[in-house]
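Working notes, structure below.
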Amino acid sequence: MSDAVLIAGITGIQAITITLLGILAKRVGNVRRETSAVRRDTAATREQVVNHHTTNFREENDSRHSETRGWFNDLRRDIGGMREDIRGLRIDHRALTRRVDTIQQKGTQDEE
């Protein structure tokens, strides 16, 4: 091979290598930017989760969940009691309606 062919080959390989390095550098830059963004987001999330709590965040949520569940159970019992009261009022109302109807029928029979 002549020197000109070797120089042309080396120059071509250099051009390809530099192009590949440029592409690689751009991708590495993108990865670094994305990594930085993830790091910032993680720090913001950590700040929101930690937020100077004295208790574990999960334990605090569990206790709040239990407290809320207790309130719902109390409401359920109260509503059940109201339903029972309404049921009793309906029974009383039906009995009273029957009694009034009976009295009215007797009064109508007496007038005849």
Side-chain angles (χ1 to χ4, degrees):
M1 272 202 240
S2 70
D3 289 340
V5 172
L6 285 174
I7 292 173
I10 291 172
T11 305
I13 291 173
Q14 283 178 339
I16 292 171
T17 303
I18 289 174
T19 302
L20 290 175
L21 286 175
I23 292 170
L24 184 61
K26 184 173 181 177
R27 289 195 178 179
V28 167
N30 287 342
V31 169
R32 282 187 182 179
R33 278 191 296 279
E34 290 174 8
T35 304
S36 295
V38 168
R39 188 175 294 123
R40 281 191 308 273
D41 292 346
T42 303
T45 302
R46 183 175 294 123
E47 175 62 27
Q48 290 298 316
V49 172
V50 173
N51 204 15
H52 310 294
H53 288 236
T54 56
T55 61
N56 182 302
F57 192 60
R58 176 63 186 216
E59 290 173 9
E60 185 177 334
N61 280 339
D62 288 348
S63 68
R64 286 183 181 173
H65 178 74
S66 296
E67 184 179 351
T68 303
R69 175 172 259 157
W71 292 340
F72 277 116
N73 289 336
D74 291 345
L75 284 173
R76 203 173 290 140
R77 271 191 299 261
D78 289 347
I79 291 171
M82 285 188 244
R83 285 180 177 165
E84 189 176 328
D85 291 346
I86 291 171
R87 200 174 299 119
L89 290 171
R90 284 181 186 151
I91 292 169
D92 292 346
H93 183 264
R94 284 187 201 123
L96 184 60
T97 301
R98 281 191 215 109
R99 189 170 174 198
V100 168
D101 288 345
T102 303
I103 292 171
Q104 284 178 342
Q105 287 173 358
K106 282 183 183 178
T108 305
Q109 290 172 358
D110 289 342
E111 290 177 2
E112 294 176 357

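These numbers were taken from a predicted model, which means no experiment stands behind them. We're numbering straight along the sequence, starting at 1.
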Exercise for the section: Would you please test R32 and V28 for side-chain contact (heavy atoms from CB on, under 4.5 Å) and show each step? Expected result: CA-CA 6 Å; R32 282 187 182 179; V28 167; 4.0 Å; yes
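The CH2 atom of W71 sits 14.5 Å away from atom CG of D78, with the distance rounded to the nearest 0.5 Å. One finds the OG1 atom of T17 at 12.0 Å from the CG atom of L24 (value rounded to the nearest 0.5 Å). Taking CD1 of I13 as the start and CG of L20 as the end, the distance is 11.5 Å to the nearest 0.5 Å. Q104 CD to T97 OG1: the interatomic distance, rounded to the nearest 0.5 Å, is 10.0 Å. In this structure, L96 CG and L89 CG are separated by 11.5 Å, a value rounded to the nearest 0.5 Å. Expressed to the nearest 0.5 Å, how far CG of D62 lies from CZ of R69 amounts to 11.0 Å.
With sequence neighbours left out, the side chain to side chain donor-acceptor pair (under 3.5 Å) criterion links R76 to N73.
No side-chain heavy atom of E34 sits under 4.5 Å from any side-chain heavy atom of V38.
A side-chain N or O of R33 and one of N30 form a donor-acceptor pair less than 3.5 Å apart.
The residues R77 and D74 are annotated as salt-bridged, a charged nitrogen and a carboxylate oxygen being separated by less than 4.0 angstrom.
Annotation: E84, atom CD; neighbour count of heavy atoms from other residues, nucleotides and ligands within 6.0 Å does not exceed 12.
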